[in-house]
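These numbers come from a predicted model, not from an experiment.
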There are 2 protein chains.
Amino acid sequence: MEMLTFVLDDEGKDPLYHQLYEYIKKEIQEGRIKYNEKLPSKRKLADHLGVSQNTVTTAYEQLIDEGYVMSIERKGYFVQEIDNLLIFESPKENTTLKEEAVDRHIKYDFSYDGVDSESFPFYVWGKITREIINKCDAKLLTETESQGDYDLRQSIADYLRQSRGVICSADDIILSSGTEYLFYILFQLFDEEKIYGIENPGYEKLPFLFSSNKVQYIPIDVDENGMTLEGIEKSDPDIICITPAHQFPTGSIMPINRRVQLLNWMNGKNDRYIIEDDYDSEFKYSGRPIPALKGLKNSDKVIYMGNFSKSLSPGLRVSYMVMPEELMSRYKKELPFMICPIPTIEQRVLTEFMDRGFFARHLNRMRNIYRKKRELLVDCISRHEDKFRIIGADAGLHITVEVDNGMTEEELVESAAAQGVKVYGLSRYCSRDIDMNRILLGYAGITEEEIEKGVELLFKAWFD
Amino acid sequence: MEMLTFVLDDEGKDPLYHQLYEYIKKEIQEGRIKYNEKLPSKRKLADHLGVSQNTVTTAYEQLIDEGYVMSIERKGYFVQEIDNLLIFESPKENTTLKEEAVDRHIKYDFSYDGVDSESFPFYVWGKITREIINKCDAKLLTETESQGDYDLRQSIADYLRQSRGVICSADDIILSSGTEYLFYILFQLFDEEKIYGIENPGYEKLPFLFSSNKVQYIPIDVDENGMTLEGIEKSDPDIICITPAHQFPTGSIMPINRRVQLLNWMNGKNDRYIIEDDYDSEFKYSGRPIPALKGLKNSDKVIYMGNFSKSLSPGLRVSYMVMPEELMSRYKKELPFMICPIPTIEQRVLTEFMDRGFFARHLNRMRNIYRKKRELLVDCISRHEDKFRIIGADAGLHITVEVDNGMTEEELVESAAAQGVKVYGLSRYCSRDIDMNRILLGYAGITEEEIEKGVELLFKAWFD
């Protein structure tokens with residue numbers, strides 16, 4: 001080919017070299033310049049088009065980089081073979097409107113999710129964050145250790161020792177972003193044959209998580225003291241997942257005797273483990289907090305999971321687990337590529353927040369706030385004591401109630417919704433149906449005023 | 001039992017109720033108070049010990065909560081059966097010294113990890129963070145949507161359209177915390193039989209990640225244009241993982257012809273996919289950036305992965321993928337429980353950072369900084385042009401060199417280390433040995449001065 005001719009737009013926003021590049025690319029793509037054809041020399045084309053040689057060079061180099069053209073020394077520029085006709089889509093807007101999923105008619109939501117949104121220490125959090133970022137420390141730009149920032153793990157170990165009776169060191173802890181990410185690690189460490197026993201009713205995420213990860217699990221019934229030994233013995237799992245501090249969702253606290261039984265079960269065979277999810281253990285309203293299972297003797301093989309979702313905010317996405325020694329050494333050996341998912345800045349902020357005593361202060365404050373909400377909720381309900389049985393109100397951020405009005409669970413939920421109140425039937429947490437006509441009422445994210453009005457509407461829905 | 005007697009410490013820090021609780025618990029644990037024994041009534045014990053009845057009540061309630069004691073109405077308090085002797089470990093310090101893993105004698109590290117640490121926009125980042133936190137928005141306390149904050153996904157979609165020729169909408173994007181977390185999602189979506197083809201040499205994390213997740217993979221050799229079609233046809237994988245923008249680690253840019261061939265391979269069967277990791281595509285030094293594979297026609301089934309580790313900082317832990325429509329609808333249906341691991345505050349900050357144009361400005365600035373470093377590195381090496389062959393210097397944040405001095409790769413790495421310079425042999429990235437005597441030199445995290453001095457020492461190590 002002797003020459004290429006086309007009109008350059010000198011006034012346009014697109015630089016000349018790019019116009020040239022686009023033009024030649026299109027000619028090649030659309031087959032008008034053929035395979036092996038020689039392009040004009042740079043000098044000639046520049047003269048011809050009245051542009052600088054640099055412009056042509058840049059365009060040609062781009063074509064070479066993208067594989068449209070090949071440069072052969074001393075010979076010139078030749079069009080490459082393109083297997084197929086191929087066009088770059090021209091960039092265009094392609095946006096879909098944001099969905100706003102709302103139950104429009106719901107005014108009072110006794111959801112278990114969320115925290116008291118007025119009490120987050122925005123000021124202190126912002127102040128510490130500013131301080132940390134202002135240090136301009138290059139370390140903020142690197143990933144933390146695979147297990148997470150050492151100092152943060154140390155602060156968590158201190159907290160666990162003081163508040164949960166769990167004796168561990170920073171080395172035993174892995175930080176991550178939530179239950180599914182902690183299990184991601186465990187799924188990689190345990191072999192595929194392992195069978196997990198999960199609470200029924202229990203945390204609704206687990207069955208989904210296990211089945212999407214092709215992991216075998218068995219729902220095991222809980223009684224008023226938590227997962228039953230009979231259930232465990234019948235199902236014969238290798239690993240059980242339990243919430244002894246405040247069974248989710250029934251709200252029961254596992255008594256010491258059951259705890260010891262479960263530990264004994266675990267220690268009865270080498271390859272058995274207990275995963276203790278201490279998800280809202282920060283909140284207990286009578287007496288002192290009950291030490292974790294992991295704080296008991298012979299609990300070495302207990303994998304302890306905790307997080308800051310209830311104690312600070314689910315928006316932080318910080319969770320952690322305390323690993324048995326042998327599992328941890330396997331983690332270090334087998335999963336060296338795992339990077340802690342929590343941003344380095346946030347890990348530093350949380351460390352400072354804990355080390356300067358703000359976390360302890362925040363917890364104490366929240367305990368009072370939630371205690372008041374809980375008392376109000378229990379009070380409001382107790383006005384109709386004969387028609388309600390309250391269960392699991394001693395800890396955590398939700399209670400459950402049995403309603404004695406002849407309605408099914410579904411009818412309870414639906415009649416409440418018709419009054420603009422959202423409540424949660426316990427069957428949604430059951431992997432296997434059990435006869436349990438109960439409603440869960442969360443109170444962390446709802447105001448005191450809303451609690452009063454919400455319960456009033458519940459009465460209307462259920463007893464009028 | 002008629003009475004319990006022990007000495008209360010009125011002056012101590014431990015509240016009286018807690019001393020009482022601890023005392024009784026210990027008596028039970030150590031078998032001095034037996035199963036079924038009745039505890040003194042609250043009134044009597046309070047009188048006896050000279051404390052308020054409240055103190056005793058609180059202690060008893062704690063014992064009841066923990067399952068040591070049972071209250072039987074009108075009868076009193078009875079000790080429960082404890083299966084085994086059991087002792088709460090007494091909290092004590094158990095800290096291990098932080099390990100400081102350093103190659104003490106290394107002065108110049110041509111690592112591929114890291115970014116230019118002096119150029120992170122700490123000031124702007126801190127300012128935006130402060131603004132966001134100061135809003136005290138309750139939404140900051142909730143998790144974002146499962147796919148990540150909608151606005152951030154929209155900003156990323158805009159960026160991808162403008163900079164990478166990838167046409168997608170916010171709805172097509174999932175945000176997560178890094179390669180292993182993106183693959184976690186894919187592992188759950190794809191069935192177990194899928195075989196992944198990975199580049200050899202390639203990203204060293206993938207073989208570990210795949211095998212720890214019990215996922216089958218086959219290393220497929222790359223030539224100077226990337227993964228070969230012959231290799232793919234021989235290994236017959238279902239999904240291939242490639243880095244066409246800048247093959248890691250060899251540095252080659254995949255020409256258009258190979259790209260089309262791979263797309264054709266993908267479209268040859270229904271269940272084939274390509275995972276395109278566009279890991280450092282922001283940096284290309286001649287011509288305009290090459291559009292991503294996902295920007296080409298017939299690339300619907302390409303899963304595009306990107307991140308902010310090279311363009312901003314690995315400490316942020318933000319990555320994303322653009323999903324094919326059908327996979328995304330399965331994600332929504334099958335993995336509704338997955339929560340985006342990125343903290344909500346950080347997602348908001350990054351969105352603002354992008355929307356106000358800071359990201360584009362930062363990228364332009366970094367392109368110049370890295371371009372200068374790259375030119376310096378290439379210049380320094382070119383002083384001994386006859387002894388080096390530089391490969392893959394047109395893009396990204398590393399180059400590779402072949403050294404013609406008769407040394408093996410191991411000898412090259414070790415003799416450099418002896419001079420205090422850390423370089424990386426390409427064999428560490430090989431799943432299967434291939435004859436490739438090459439060294440990787442990263443230059444993002446090293447200063448210009450260090451580049452000059454480091455290369456000088458390399459000459460000394462390799463040619464003196």
Name the region of L335(B), side chain, backbone, both or neither, that has any atom closer than 4.5 Å to a heavy atom of chain A. side chain
Say you draw a straight line from OH of Y35(B) to CG of N257(A); how long is it, rounded to the nearest 0.5 Å? 9.0 Å
Winner by heavy-atom pair count (cut-off under 4.5 Å) against chain B, out of I253(A), N213(A), D191(A): N213(A)
Test log, rule side chain to side chain contact (heavy atoms under 4.5 Å, CB included), inputs R130(A) and K127(B): CA-CA 8 Å; R130(A) 195 163 64 237; K127(B) 189 170 166 289; over 6 Å; no
Give me the ring orientation class for Y184(B) and Y184(A): parallel if the planes are under 30° apart, tilted from 30 to 60°, perpendicular past 60°. parallel
Given heavy-atom pairs under 4.5 angstrom as the criterion, report whether the side chain, backbone, both or neither of E346(A) touches chain B. side chain
What residue among W125(A), F122(A), F120(A) forms side chain to side chain contact (heavy atoms under 4.5 Å, CB included) with L140(B)? F122(A)
Chain A heavy atoms under 4.5 Å from S212(B): which part of the residue, side chain, backbone, both or neither? both
Output the distance between atom CG (L63(B)) and atom CD1 (I256(A)), rounded to the nearest 0.5 Å. 10.5 Å
Against chain B, work out which of T57(A), N134(A), T144(A), L316(A) has the most heavy-atom pairs shorter than 4.5 Å and name it. L316(A)
With rounding to the nearest 0.5 Å, note down the distance linking NZ in K214(B) to CD in Q188(A). 7.0 Å
Heavy-atom pairs under 4.5 Å with chain B - which of A138(A), P314(A), S117(A), G126(A) has more of them than the others? P314(A)
Salt bridge (Lys or Arg N to Asp or Glu O under 4.0 Å) pairs touching residues 334-343 of chain A, sequence neighbours excluded, are R330(A)-E334(A)
Contact winner vs chain A - G445(B), C340(B), G178(B), heavy-atom pairs under 4.5 Å: C340(B)
Is L141(A) close to chain B through its backbone or its side chain, or both, or neither, when contacts mean heavy atoms under 4.5 Å? both
With a 4.5 Å cut-off on heavy-atom pairs, point out which of T344(B), V115(B), L209(B) contacts chain A the most. L209(B)
Please classify the contact of I64(B) with chain A as side chain, backbone, both or neither, using a heavy-atom distance under 4.5 Å. neither
For D394(B), which atoms come within 4.5 Å of any heavy atom of chain A: side chain, backbone, both, or neither? side chain
Below 4.0 angstrom, N of the basic side chain to O of the carboxylate: do E143(A) and R317(B) qualify? yes
Should we say atom CZ of F208(A) is surrounded by more than 12 heavy atoms from elsewhere, each under 6.0 Å from it? no
Counting only heavy atoms closer than 4.5 Å, note whether D113(B) contacts chain A via side chain, backbone, both or neither. neither
Could you list the residues that satisfy side chain to side chain contact (heavy atoms under 4.5 Å, CB included) with P255(A), not counting sequence neighbours? N225(A), R258(A)
Given a strict heavy-atom distance threshold of 4.5 Å, which part of F190(B) is in contact with chain A: side chain, backbone, both, or neither? backbone
Heavy atoms, side chains only, cut-off 4.5 Å: are M338(A) and K205(B) in contact? no
Tell me which of these, T179(A), I132(A), T142(A), V166(A), has more heavy-atom pairs under 4.5 Å with chain B than the rest. T142(A)
Are Y123(B) and I133(A) packed together at the side-chain level, in the sense that at least one heavy-atom pair is separated by less than 4.5 angstrom? no
What distance do Y181(B) atom OH and E180(A) atom CD have between them, rounded to the nearest 0.5 Å? 11.5 Å
Within 6.0 angstrom of E131(B) CD, more than 12 heavy atoms from elsewhere: yes
Would you find more than 12 non-hydrogen atoms of other residues, nucleotides or ligands less than 6.0 Å from K139(A) atom NZ? no
